[in-house]
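Structure record follows, encoded as structure tokens.
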Amino acid sequence: MRVLVIGAGALGGYYGACLVRAGADVTFLVRSARAAQLRRDGLQVKSPHGDFTVQPKILMANELREPFDVVLVGVKAYSLDDAMSEFAPAVGPGTMVLPILNGLKHIDALTARFGAACVLGGLANVSAGLDADGRVVQFMANQTIVFGETKGSLSERTLALEKLLDVRGIDVRASEAIMQDMWEKFVQLSTLAGITCLMRASIGDILAVPNGEQSIFRLFAECCTVATASGFEPRAPFIEFDRKLFTTLDSPLKASMLRDIERGSMTESEHILGDMANRARKLGIDTPLLDLARAHVAAYEVGRRRVSGGG
């Protein structure tokens with residue numbers, strides 16, 4: 001399969017580099033500045049599993065001429081509209097579009113643009129970012145991709161894609177219930193982003209203060225209630241996993257949304273916290289802590305735009 005990775009940031013850069021290292025036919029669609037950096041330095045990955053560098057094939061949007069078999073989309077949610085316009089020539093009737101963005105709203109946007117037949121559901125569990133030199137830095141050892149048909153069942157194409165992605169550095173699973181998986185990730189991320197951004201602290205630091213643990217699980221309960229009312233009640237193994245995740249003393253875990261705030265960058269707040277809160281409103285569910293977290297990050301965005309001259 002010929003794979004087009006959209007961008008070479010934290011997600012696309014990490015998973016795409018692993019595929020290149022394994023010998024897959026991978027091309028990265030990037031902007032001119034990133035292209036120059038990659039041509040000069042290669043795509044560098046710093047990982048707990050060992051650092052490595054690959055020399056990637058690169059295209060820019062005006063050079064895209066034909067469809068690919070797989071389009072791996074790992075851009076930030078606020079960049080999706082522009083990205084779709086740029087990679088549209090790569091999507092043909094047989095193309096699988098695999099988004100590994102956070103949240104759920106992007107599935108509707110991709111489906112509206114390219115049709116339901118092309119779009120898979122997917123999620124990534126990897127803690128990574130780009131450093132000042134453009135290197136992909138994997139902060140923690142997790143590196144999972146889960147994907148599947150949005151209507152359920154294992155298809156021939158998803159099994160073939162699972163085989164392609166089963167390389168060193170990627171823990172991959174084709175799922176028969178990807179929307180359930182995505183909703184559970186949505187709950188987890190909304191809780192993690194909401195509480196760490198609201199408190200401007202890691203999970204370990206939140207647990208160290210009075211009512212810290214209770215606040216985490218109040219927010220978790222609100223998000224679980226929204227998922228259940230939407231027809232995707234979180235399963236027992238997920239609840240148990242997150243209970244351990246959110247009670248690990250001295251945990252350095254914080255949401256990438258908080259790292260964006262710490263850098264003074266734009267966040268995906270409305271795609272995550274805003275979307276979860278809006279779904280709660282439509283269902284008549286009261287989510288006071290989620291609403292406060294959303295307002296907190298929204299206020300940060302107002303200040304960020306004012307400082308940058310964006311209004």
*So, Gln44 and Thr53: side-chain donor and acceptor under 3.5 Å apart, yes or no?*
no
*asked:* Within the 3.5 Å criterion, strictly below it, is a donor on Thr228 or Thr225 matched to an acceptor on the partner's side chain?
replied: no
*Passing candidate, side chain to side chain donor-acceptor pair (under 3.5 Å) with Thr287, options Arg294, Arg279, Arg281*: Arg281
Any side-chain heavy-atom pair of [X] and [Y] under 4.5 Å:
X	Y	result
Met179	Leu104	yes
Phe68	Met1	no
Ile58	Arg39	yes
Ile206	Ile195	yes
Val3	Asp69	no
Thr144	Val172	no

*asked:* Is the ring pair Phe220/Phe246 parallel, tilted or perpendicular, if the boundaries are 30 and 60 degrees?
replied: perpendicular
Would [X] end up clustered with [Y] when hydrophobic side chains under 4.5 Å apart are linked, directly or stepwise?
X	Y	value
Tyr14	Leu165	yes
Met60	Phe28	no
Val91	Leu101	yes
Phe139	Ile145	no
Val26	Phe147	yes

Has [X] got more than 12 heavy atoms of other residues, nucleotides or ligands less than 6.0 Å from its [atom1]?
X	atom1	value
Arg200	CZ	yes
Glu156	CD	no
Tyr78	OH	yes

Say whether, by atom type as modelled, one donor and one acceptor occur between the side chain of [X] and the main chain of [Y] under 3.5 angstrom.
X	Y	answer
Asp133	Arg135	no
Asp166	Glu162	no
Thr248	Lys244	yes
Arg113	Ala88	no
His271	Asn102	yes
Ser202	Asp205	yes
Ser230	Phe232	no

*asked:* Please confirm whether the ring centroid of Phe87 lies under 6.0 Å from the ring centroid of Phe114.
replied: yes
For [X] and [Y], work out which heavy atoms get closest and say how close.
X	Y	value
Val45	Ala17	CG2-CB, 3.7 Å
Ile178	Gly148	CG2-O, 3.6 Å
Met84	Ala109	SD-O, 3.9 Å
Val187	Ala227	CG2-CB, 3.7 Å

Salt bridge or not between [X] and [Y]? Use side-chain N to carboxylate O under 4.0 Å.
X	Y	answer
Asp181	Lys185	no
Glu301	Arg304	yes
Lys46	Asp131	no
Asp260	Arg263	yes
Arg31	Glu86	yes
Glu184	Arg235	yes

*Verify side chain to side chain donor-acceptor pair (under 3.5 Å) between Arg218 and Asn211, making sure each step is shown before the conclusion.*
CA-CA 10 Å; Arg218 285 192 192 104; Asn211 295 311; 5.1 Å; no
*Output, in order, the C-alpha distance, side-chain angles, deciding distance and verdict of side chain to side chain donor-acceptor pair (under 3.5 Å) for Glu149 and Ser155.*
CA-CA 7 Å; Glu149 303 286 357; Ser155 63; 2.6 Å; yes
Quick one: pull up [atom1] in [X] and [atom2] in [Y] and give me the separation to the nearest 0.5 Å.
X	Y	atom1	atom2	value
Leu290	Ile272	CG	CD1	11.0 Å
Asp286	Leu289	CG	CG	11.0 Å
Thr196	Leu258	OG1	CG	5.0 Å
Ser308	Met266	OG	CE	8.0 Å
Arg34	Leu130	CZ	CG	5.5 Å
Leu273	Cys197	CG	SG	7.0 Å

*Given the rule in the side-chain contact (heavy atoms from CB on, under 4.5 Å) test, do Asp108 and Lys105 qualify, once you have shown the distances and angles that lead to the verdict?*
CA-CA 6 Å; Asp108 290 338; Lys105 286 179 67 177; 6.0 Å; no
*Between Val70 and Thr95, is a side-chain contact (heavy atoms from CB on, under 4.5 Å) present by the stated rule, with each step listed?*
CA-CA 6 Å; Val70 181; Thr95 300; over 6 Å; no
_Please determine whether side-chain contact (heavy atoms from CB on, under 4.5 Å) holds for the pair Gln138 and Ser127, giving the CA-CA distance in whole Å, both sets of side-chain angles, and the decisive distance to 0.1 Å._
CA-CA 6 Å; Gln138 186 182 9; Ser127 179; over 6 Å; no
*asked:* Using side-chain contact (heavy atoms from CB on, under 4.5 Å), reason through Met276 and Glu222 one step at a time and then give a plain yes or no.
replied: CA-CA 10 Å; Met276 182 68 83; Glu222 290 178 6; over 6 Å; no
